Amino acid sequence: MEASATSKLLVSDIASSVDHVPSNYVRPISDRPNLSEIETSGDSIPMIDLQELHGPNRADVIYQVAHACASYGFFQIKNHGVPEKTIERMMTVAREFFRQPESERVKHYSADTKKTTRLSTSFNVGSEKFSNWRDFLRLHCLPIEDFISEWPSSPVSFREVTAEYATSVRALVLVLLEAISESLGLAKDSVSNTLGKHGQHMALNYYPPCPQPDLTFGLPGHKDPNLITVLLQDEVSGLQVFKDGNWIAVHPVPNTFIVNMGDQMQVISNDKYKSVLHRAVVNSDKERISIPTFYCPSLDAVVGPQQELINEEEESPAVYRSFIYAEYYEKFWDRALATESCIDLFKASKT
Ligand code: OGA
Ligand code: NI
């Protein structure tokens, strides 16, 4: 693929040669990160120790999960069972991937949102008005054997390391889904049973240093369309979560993950657990890598509020209609990344 100096596909290949962000990255004044106003010392999202899930204090952990999901839609987890080595190897191979020469990286480039393995930039270059200071490699990883042959084969350990990581994170997600089901007063397997064959995607997000981080975003405010997201981030801050009218910075804690509710959890829980607005900001001196795992229903799954959480006579009628996940997912990618999720399109009719 030919790319001239002025038509680079990836922001990684622009970042080091500019001292201003190109005009397509510059947001209107009303839509900038206001980095100096961010709460960095105040409220933080809860940290939950998952060790205790497997002992006599399980009920206490379930209570913490219920509180975190209902009040924040976000929590951090420690003692989560994913080996430190697995995490370290994943982060290293992601860094190695993005440090490869442009010619190697662009082999994976595609702007087609339907492709199951692709490298791209920003969010959706086909539909957005402003560009974001991010490149990302997106992979489908469940079942692994259906997708692994599409994954990059360079660095040479990429497939092996990513497969090990995806398998380990999936086991963690299944534990979390049981805890979240219980926290909603449902049987352990309730949420898992609504996901059809289940789906798991990953993104390797690469945010290069940015000469004017006040003018642009790594990712602007958005809600995740999937069920839950399990985010691994390196030691550079950038994630912010919207809570009670303020953006809170979530600083990295080694060997922890950040878990957040996505739109499908909001639907399944019939609005008990809301999908929460979050964003990623960039900075002028350090690159940042984050690796979200997006756990989701399979495309053919029928998603809707859990029966046990609906009571038409009392105060909890079904807020959403049932739909096929493919329908939702298509709507999500059709739009530019917007502050408002597309969940309103799936509300139950009020007649
Ligand atoms: C995402 C996301 C946050 C981050 O990829 O959906 O919210 O810190 N990422 O990179
Ligand atoms: Ni997100």
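Small disclaimer: the values here were computed from a predicted structure and weren't measured. Counting starts at 1 for both ligands and their atoms, following the listed order.
Between His278 atom NE2 and His222 atom NE2, the angle centred on the Ni ion (ligand 2) amounts to 90° (nearest 10°).
A distance-only check finds no donor-acceptor pair linking the side chain of His80 to the backbone of Leu50 [under 3.5 Å]. A donor-acceptor pair under 3.5 Å links the side-chain atoms of Ser298 to the main chain of Lys197, judged by distance alone.
Remark: of the listed residues Phe332, Trp133, Phe217, Phe332 is the sole one forming a ring pair (Phe, Tyr, Trp, His ring centres under 6.0 Å) with Phe123.
When distances from the Ni ion (ligand 2) to the N, O or S atoms of Asp224 are compared, OD1 comes out shortest.
Residue contacts with ligand 1 for Gln233 are absent, since no atom lies close enough (heavy atoms, distance under 4.0 Å). Contacts between Arg288 and ligand 1, counted as non-hydrogen atom pairs separated by less than 4.0 Å, involve the side chain only. The part of His222 lying near ligand 1 is the side chain, judged by heavy-atom distances below 4.0 Å. For Tyr207, every heavy-atom contact with ligand 1 shorter than 4.0 Å involves the side chain, none the backbone.
Heavy-atom separations between Gly238 and ligand 1 are all 4.0 Å or longer.
Salt bridge status for Lys286 with Glu235: absent, with no side-chain N to carboxylate O gap under 4.0 Å. A salt bridge links Glu88 with Lys85; the closest basic N to acidic carboxylate O contact falls under 4.0 Å. A salt bridge links Asp13 with Arg105: the closest approach of a Lys/Arg side-chain nitrogen to an acidic carboxylate oxygen falls below 4.0 angstrom. For the pair Arg321 and Glu327, the salt-bridge criterion is met [side-chain N within less than 4.0 Å of a carboxylate O].
Those atoms of ligand 1 that come under 4.0 Å of a heavy atom in His278, given as number and element, are 7 (O). Applying the 4.0 Å criterion to heavy atoms of Pro292 picks out, from ligand 1, the atoms 5 (O). Each of the atoms 3 (C), 8 (O) of ligand 1 lies under 4.0 Å from some heavy atom of Leu239.
In terms of protein heavy atoms, atom 5 (O) of ligand 1 is closest to Asn205 ND2, 3.2 Å.
Geometric assessment of Arg138 against the ring of Phe136 yields a negative cation-pi assignment under the 6.0 Å and 45° thresholds.
For the residues Val250, Thr229, Leu219, the heavy atom positioned nearest atom 9 (N) of ligand 1 is part of Leu219.
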